[in-house]
Structures are given as C-alpha cells and as structure tokens.
Asker: 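Below are the structure tokens for one structure; questions will follow.
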Amino acid sequence: MARRKKIYEGKAKILYEGPEPGTIVQYFKDDATAFNAEKKDVIEGKGVLNNRLSEFFMAGLTAIGVPNHFLKRLNMREQLVRSCEIVPLEVIVRNYAAGSMSKRLGIEEGTQLPRPIIEYCLKDDALGDPLVSEEHIAAFGWASQQDMDDILSLALRVNDYMSGVMYAVGIRLVDFKIEVGRVYDGDFQRLIVADEISPDSCRLWDIETGRKLDKDVFRRDLGSLTDAYTEVAQRLGVMPKGATGMMKPTLIN
Ligand code: TMP
Ligand code: ASP
C-alpha cells in the first residue's frame with residue numbers, strides 16, 4: 001500500500017489524509033496519557049477498543065440525527081471520518097461531580113448535579129487546557145455566539161444519548177468531553193461532533209458497585225484499563241462476552 005500522508009499526530013490518535021478530498025483516516029494508538037502527558041504508558045489493545053467504541057457511539061448519534069464526523073470503520077484501528085476545522089475548545093458535560101470539578105469546588109465525587117453543567121477548556125497543551133468562560137470565548141473569537149448555541153445543543157443531545165445508552169447497560173455517565181468541528185456544505189457552515197467518544201473521554205461508573213470503567217483506572221492506578229474498556233464493550237454488545245481483555249478481540253461487526 002502506498003505510504004499515506006500523516007496530517008497530525010496527537011497523544012492517542014494519528015490522522016492521515018483520506019482517500020477522497022474532505023476525508024481523513026483516524027488511527028487509534030495504544031498510547032495512554034494523563035495529566036497533560038506527565039503520565040504515559042502503552043496499553044495493548046486500547047486503540048482497538050476505542051476505535052470500535054467510538055464507532056458504536058458515533059453511529060448511534062447519526063441514527064438519531066446528531067451530526068458527527070464518523071463515516072465508517074476501516075479496520076481494527078482505523079476509521080474514515082469527515083475532515084473538519086476543530087473548534088479549539090474541549091466541551092465537558094457533567095451530570096455528577098468528579099475529577100477537576102470536585103477538586104476545584106470541593107464537591108464530593110459522585111454528587112448528583114442539579115442539572116447537566118457544561119464547561120469549556122481551551123485546547124492548548126502548552127497551557128494544560130485551561131478552563132475558560134464564555135466571555136473569554138467571545139472576546140478572543142474562539143467561537144461565535146451562534147457556534148456556542150450550536151455547541152450547547154450538540155453537547156446536551158450527546159449527553160442524553162450517552163446517558164441512556166449507558167444506563168441501559170448498568171453504567172452511569174458521570175461526565176464526558178467532546179470536541180466539535182466546522183464543516184462547509186456549499187455556502188453554509190455547521191458544527192458537528194468530532195474527535196472520539198470513548199472511555200478515554202468519559203467517566204463511566206458501574207451503577208451497582210461504583211467500579212470505574214474509564215480512563216480514571218489508568219490515571220489513578222486502579223487496575224487493568226483493558227479489562228475496564230472490554231467490560232464496557234461487552235455490555236454494549238460490541239464484543240462477545242467471554243472475550244478476555246488481552247486482545248485477540250473478535251469484534252462483532
Ligand atoms: P476533568 O474532571 O479532569 O476535568 O475531566 C472531565 C471529563 O473530561 C472526563 O470525562 C475526562 C475528560 N477529559 C478528556 O477527555 N481529556 C482531558 O484532557 C481531560 C483533562 C479530561
Ligand atoms: N488527555 C490528557 C493527557 O494526555 C489528560 C487526561 O485525559 O487526563 O494528558
């Protein structure tokens with residue numbers, strides 16, 4: 001196969017030029033990082049699981065009419081996505097207090113919030129993705145008021161979808177992060193959900209036991225990350241029950 005042109009390499013994914021204009025191949029690596037890459041490891045099979053899980057969530061969003069970049073899965077580690085201009089914000093939706101919000105505001109982890117709370121962080125690794133307000137976003141022109149209305153609507157729709165899908169398999173969606181991208185259709189531009197939706201970018205707790213099934217397992221050294229992600233994949237029916245965490249993952253198509 002001819003060598004593809006690498007467009008960008010991030011901490012967990014590599015983007016290659018796609019086969020047609022306006023497309024990108026998104027490759028999921030096994031690398032795991034936390035605390036702005038201060039903590040790093042390679043977790044065998046993580047990329048395969050996240051590729052499949054992100055496909056599952058994005059395809060589900062497409063089915064209910066939430067626009068996103070996913071086009072199709074190509075193989076175990078790659079998916080074809082629509083190319084877009086990433087808005088330089090991490091959009092976080094929280095249903096229960098956890099992580100940085102618990103630390104910042106002194107709210108015990110697991111406390112149910114009175115309503116979903118949306119936070120924005122500037123996508124800037126050198127600054128450690130700082131929390132920013134809508135005032136900052138408007139004043140510095142990172143997104144327009146129309147963009148912010150659209151981002152809020154997308155984020156809440158993703159939250160309702162993901163909360164329901166997870167609840168159905170006994171998992172609480174505590175919080176998650178999405179990224180959005182801008183696409184142009186003729187004279188019109190609109191925002192779509194981009195990047196990935198996976199246990200790397202969500203907090204997922206077993207409803208019965210509280211067991212963490214997301215990247216906090218890695219951040220906080222709580223055991224096998226592959227086992228946790230495999231559990232999520234199995235409950236959602238994207239990997240057969242009985243498959244072990246160590247990858248020879250026979251993924252259900
Ligand atoms: P936080 O509590 O550390 O701010 O994280 C909130 C949510 O965002 C959590 O589900 C994990 C996710 N997240 C990312 O996807 N990428 C990141 O770089 C960070 C810090 C959090
Ligand atoms: N993605 C971020 C990093 O690599 C942080 C995190 O997910 O905790 O450092």
Side-chain angles (χ1 to χ4, degrees), residues 8-15 26 28-43 46-47 49-51 53-54 57-58 68-69 86-113 116-133 136 151-152 154-156 158-163 165-167 171-181 193-206 210-222 225-226 228-229 232:
Y8 176 79
E9 178 157 3
K11 288 181 287 224
K13 296 187 292 298
I14 305 173
L15 303 182
Q26 183 165 263
F28 287 76
K29 302 195 281 186
D30 280 343
D31 300 19
T33 64
F35 316 118
N36 208 8
E38 268 173 42
K39 179 173 172 139
K40 286 187 209 179
D41 206 348
V42 176
I43 313 279
K46 179 174 85 84
L49 284 156
N50 280 352
N51 182 29
L53 284 164
S54 200
F57 299 131
M58 295 287 187
N68 66 80
H69 75 162
I86 293 287
V87 175
L89 298 172
E90 303 212 330
V91 180
I92 295 168
V93 183
R94 298 180 187 271
N95 299 305
Y96 295 80
S100 69
M101 173 190 248
S102 287
K103 245 189 224 143
R104 200 180 326 117
L105 302 179
I107 305 173
E108 196 186 337
E109 287 208 311
T111 307
Q112 186 164 22
L113 300 170
I117 294 178
I118 319 281
E119 294 175 348
Y120 304 99
C121 293
L122 179 65
K123 258 177 78 67
D124 186 328
D125 279 344
L127 298 176
D129 296 341
L131 186 70
V132 292
S133 71
H136 294 118
I151 288 172
L152 178 66
L154 283 174
L156 292 176
V158 172
N159 188 39
D160 283 347
Y161 168 77
M162 290 293 292
S163 294
V165 165
M166 288 301 174
Y167 181 72
I171 295 174
R172 168 167 301 150
L173 179 67
V174 172
D175 58 30
F176 66 92
K177 182 261 312 188
I178 54 167
E179 297 186 18
V180 297
V193 178
D195 189 48
E196 72 179 277
I197 302 180
S198 76
D200 267 12
S201 53
C202 301
R203 281 199 175 90
L204 305 170
W205 295 359
D206 181 78
R211 178 183 164 203
K212 293 183 186 359
L213 298 169
D214 57 66
K215 203 164 102 179
D216 273 349
V217 171
F218 170 73
R219 293 188 189 99
R220 302 180 188 191
D221 296 316
L222 299 176
L225 194 73
T226 334
Y229 288 20
V232 175

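Note that the numbering runs from 1 along the sequence shown for the chain. Whatever order the structure lists them in is the order used to number ligands and atoms, beginning at 1.
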Asker: Identify, for atom 2 (C) of ligand 2, the protein heavy atom at the shortest distance, and state residue, atom and that distance.
Answerer: Lys11 NZ, 4.1 Å
Asker: Do me a favour and list the nearest non-hydrogen protein atom to atom 5 (C) of ligand 2 with residue, atom name and distance?
Answerer: Phe35 N, 3.9 Å
Asker: Does Glu109 pair with Arg220 as a salt bridge, N-O distance under 4.0 Å?
Answerer: yes
Asker: Given 3.5 Å as the limit, does a donor-acceptor pair link the side chain of Thr33 with the main chain of Lys39, or not?
Answerer: no
Asker: Against ligand 1, does Glu90 come closer than 4.0 Å with any heavy atom?
Answerer: yes
Asker: Note the single closest protein heavy atom to atom 3 (C) of ligand 2, along with its residue, its atom name and the distance in Å.
Answerer: Thr33 OG1, 3.3 Å
Asker: Would you mind running through ligand 2 and noting each atom that sits below 4.0 Å from a heavy atom of Ala37?
Answerer: 3 (C), 4 (O), 9 (O)
Asker: For atom 8 (O) of ligand 2, which protein heavy atom lies nearest, and how many Å away is it?
Answerer: Arg219 NE, 2.7 Å
Asker: Sub-3.5 Å donor-acceptor pair from the side chain of Asp214 to the main-chain atoms of Leu204, do we have one?
Answerer: yes
Asker: Mind checking whether Glu38 contacts ligand 2 via backbone (N, CA, C, O), side chain (CB onward), both or neither, at a 4.0 Å heavy-atom cut-off?
Answerer: neither
Asker: Among all protein heavy atoms, pick the one closest to atom 7 (C) of ligand 1 and tell me residue, atom and distance.
Answerer: Asp175 OD1, 3.7 Å
Asker: What's the shortest distance from atom 4 (O) of ligand 1 to any protein heavy atom, and which residue and atom give it?
Answerer: Ser100 OG, 2.6 Å
Asker: Which of the atoms of ligand 2 are close to Asn36, meaning less than 4.0 Å from one of its heavy atoms?
Answerer: 3 (C), 9 (O)
Asker: Check this for me: does any side-chain nitrogen of one of Asp41 and Lys46 sit under 4.0 Å from a carboxylate oxygen of the other?
Answerer: no
Asker: Identify, by atom number and element, the atoms of ligand 1 in contact range of Ser201, meaning under 4.0 Å from any of its heavy atoms.
Answerer: 10 (O), 12 (C), 15 (O)
Asker: Distance-only, no hydrogens or angles: does the Asn36 side chain make a donor-acceptor pair with backbone N or O of Asp125 under 3.5 Å?
Answerer: yes
Asker: Quick one: CG on Asp31 to CD on Glu9, what's the gap to the nearest 0.5 Å?
Answerer: 7.5 Å
Asker: Is the backbone of Ser198 close enough, under 3.5 Å, to the side chain of Ser201 for a donor and an acceptor to pair up by distance?
Answerer: yes
Asker: Short question: side chain of Asn68, backbone of Met58 - any donor-acceptor pair under 3.5 Å?
Answerer: yes
Asker: Regarding atom 11 (C) of ligand 1: of the candidates Glu119, Lys215, Arg219, Lys177, which has the closest heavy atom?
Answerer: Arg219
Asker: Establish, from distance only, whether the side-chain atoms of Arg94 and Ser100 form a donor-acceptor pair under 3.5 Å.
Answerer: yes
Asker: Can you list the atoms of ligand 1 that are under 4.0 Å from a heavy atom of Arg203?
Answerer: 1 (P), 2 (O), 3 (O), 5 (O), 6 (C), 9 (C), 10 (O)
Asker: Applying a 4.0 Å heavy-atom criterion (strictly less than), which segment of Lys215 is in contact with ligand 2: side chain, backbone, both, or neither?
Answerer: side chain
Asker: Short list, please: which atoms of ligand 1 are under 4.0 Å from a heavy atom of Phe176?
Answerer: 10 (O)
Asker: Can you find a protein heavy atom closer to atom 20 (C) of ligand 1 than 4.0 Å?
Answerer: no
Asker: Under 4.0 Å, heavy-atom basis, I'd like to know which part of Cys202 is in contact with ligand 1: side chain, backbone, both or neither.
Answerer: backbone
Asker: Say you draw a straight line from CG of Leu225 to CG of Asp216; how long is it, rounded to the nearest 0.5 Å?
Answerer: 10.0 Å
Asker: Look at Arg203 together with Asp175 and state whether they make a salt bridge at an N to O cut-off of under 4.0 Å.
Answerer: yes
Asker: Mark up the atoms of ligand 1 that fall under 4.0 Å of a heavy atom belonging to Gly99, in ascending order.
Answerer: 2 (O)
